[in-house]
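All heavy atoms count here, side chains included; hydrogens, waters and symmetry mates do not. Note that ligands are numbered from 1 as they come in the structure, with each ligand's atoms numbered from 1 the same way.
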Amino acid sequence: MKLLTVIGARPQFIKAATVSRAIAARQDITEVIVHTGQHYDANMSDIFFDELSIPRPDHHLGIGGGSHGAMTGRQIEAIERVLLDEKPDMVLVYGDTNSTLAGALAAVKLHIPVAHVEAGLRSFNRRMPEEINRILTDHASDLLFAPTTTAMKNLSNEGLPRARMHLVGDVMYDACLFYGAQARKPAWFDPLSISEGDYVLATVHRAENTDDPVRLAGILQGLAGAERPVILPVHPRTQKQIESLGLSTPAHLHLVPPVGYLEMVWLEKHCAVIATDSGGVQKEAYFHGKPCVTLRDETEWVELVDVGANILVGANRERISNAIVGVGVMEIKSPLYGVGNSASVILSVMASRLSAASEVGIDS
Ligand code: UD1
Ligand code: UDP
């Protein structure tokens, strides 16, 4: 089977790393990797290929930046050309970025089956670009790999056929288990004179937070009001906004460039609490037993809120500071995201789907 993977943004490199590793262990699947170029800085892209040993992309499209329509449209056009040339048996997409949607749309229109990893996630906030990307990708996909029972229910509620859905757990948990053992302390950590176990680890990059000056200022002030040092690896989108709005930050709020995954995991393992608007980082907080203060008004990972691992505080300065100061120690109650074998389950499902299709001689 020839599988063509479309990736382009930071969280997709981390998700795909676990699946690419599982593919390499099989004889029956070859993978062609297409990097759309959505994320392009070395510390948003290359670093993950290097440190997670992801195979080099076979095709690099170099399409990042610009408006949603321009980026997605150019990506669809370029992916379509690659698909016509490579003629894969199936296309694999991850998550909810513009690269995800572009990969799914290009493939489905060429009648190539699409597999979507992280299917069924919903925030029910249609103003989020990711929400539109998720819904459209799920409805274009032939195989829906849902990480949670909530995601399965969301897919059912939208009338998607049960036969397409597979509850497989979360590939990010696979990544956490495998790469977590290789976590690495950043070289800049000791010179900051911050004690391990006594800092807030924060990330902010959602459009709804960065593009709204009031929300972004509220978040930075809320983080600054935490009674601990804060380490904030800054996404380039956020860095640009902080600079253009001229927002100032106090000395105990340490803004550092984006880090690689191995350093990120070290920071997650050694912090006191995580404050984030990232989807992936909310789950990683849970994996590493850290309480999470989520800088959003809603989350797709509702089970984290239900078990008390995650508190939603939006972008309100006081709520953020109070939540960070008030968090206790998190007790891990149950494995919410599978058992760490999602990648191999996904590959087994894809392989049997394609062999069943070829046996009955239908156009898979
Ligand atoms: C994208 C995804 C979001 C995901 C996030 C992961 C969409 C709609 N959004 O958001 O779902 O959570 O990636 O990080 O697909 N930039 C750089 N260098 C880079 C990458 C981005 O400078 O390597 C800057 C550019 O100014 C760019 C801006 O960040 O225009 C936004 O990048 P974009 O990929 O459009 O969206 P993200 O905010 O990264
Ligand atoms: N991450 C990283 N370095 C950073 C910030 C995040 O390696 O400086 C990792 C993080 O551990 C998680 C993933 O990137 O695995 C989450 O990506 P991001 O927050 O950009 O996107 P989202 O998950 O919100 O779509």
Margin query: Do the side chains of Asp198 and Arg228 get close enough for a salt bridge, i.e. N-O under 4.0 angstrom?
Written below: yes
Sorted by chain and residue number, the salt bridge (charged side-chain N to carboxylate O under 4.0 Å, His left out) partners of Asp170 (sequence neighbours excluded) come out as Lys283
Check your understanding: Among side-chain atoms of Glu31 and Thr5, is any donor-acceptor pair under 3.5 angstrom?
Key -> yes
Within the 4.0 Å heavy-atom cut-off around ligand 2, the contacting residues, ordered by chain and number, are Arg10, Pro11, Ile14, Phe48, Met172, His205, Arg206, Pro233, Pro258, Val259, Gly260, Tyr261, Met264, Glu268, Ser278, Gly279, Gly280, Val281, Glu284
Tabulate distances under 3.5 Å between N/O atoms of ligand 1 and N/O atoms of the protein, writing both atom names on each line.
from, atom 1, to, atom 2, distance (Å)
ligand 1, 11 (O), Glu130, OE2, 2.7
ligand 1, 12 (O), His205, NE2, 2.8
ligand 1, 13 (O), His39, NE2, 3.3
ligand 1, 14 (O), His235, NE2, 3.3
ligand 1, 15 (O), Gln38, NE2, 2.9
ligand 1, 15 (O), Asn98, N, 2.8
ligand 1, 18 (N), Asp41, OD1, 3.4
ligand 1, 18 (N), Asp41, OD2, 2.9
ligand 1, 22 (O), Tyr40, OH, 3.3
ligand 1, 22 (O), Lys240, NZ, 2.7
ligand 1, 23 (O), Tyr40, N, 2.9
ligand 1, 23 (O), Asp41, N, 2.9
ligand 1, 26 (O), Lys240, NZ, 2.9
ligand 1, 34 (O), Gln38, NE2, 3.0
ligand 1, 34 (O), His39, NE2, 3.3
ligand 1, 36 (O), Arg237, NH1, 3.4
ligand 1, 38 (O), Arg237, NH1, 2.7
ligand 1, 39 (O), His39, NE2, 2.7
ligand 1, 39 (O), His235, NE2, 3.0

*Within 45° cone and under 6.0 Å: Arg184 NZ/CZ vs Tyr261 ring*: no
Q. Can you tell me if CZ on Arg126 sees more than 12 non-hydrogen neighbours from other groups inside 6.0 Å?
A. no
Correct closest heavy-atom pair for Glu298 and Ser123 would be CG-O, 3.6 Å
Asn133 and Asp96: side chain donor to acceptor below 3.5 Å
no
When you check the side-chain N and O atoms of Ser45 and His35, is any donor under 3.5 Å from an acceptor? yes
For Gln221, the side-chain contact (heavy atoms from CB on, under 4.5 Å) test, sequence neighbours excluded, returns Ala217, Arg317
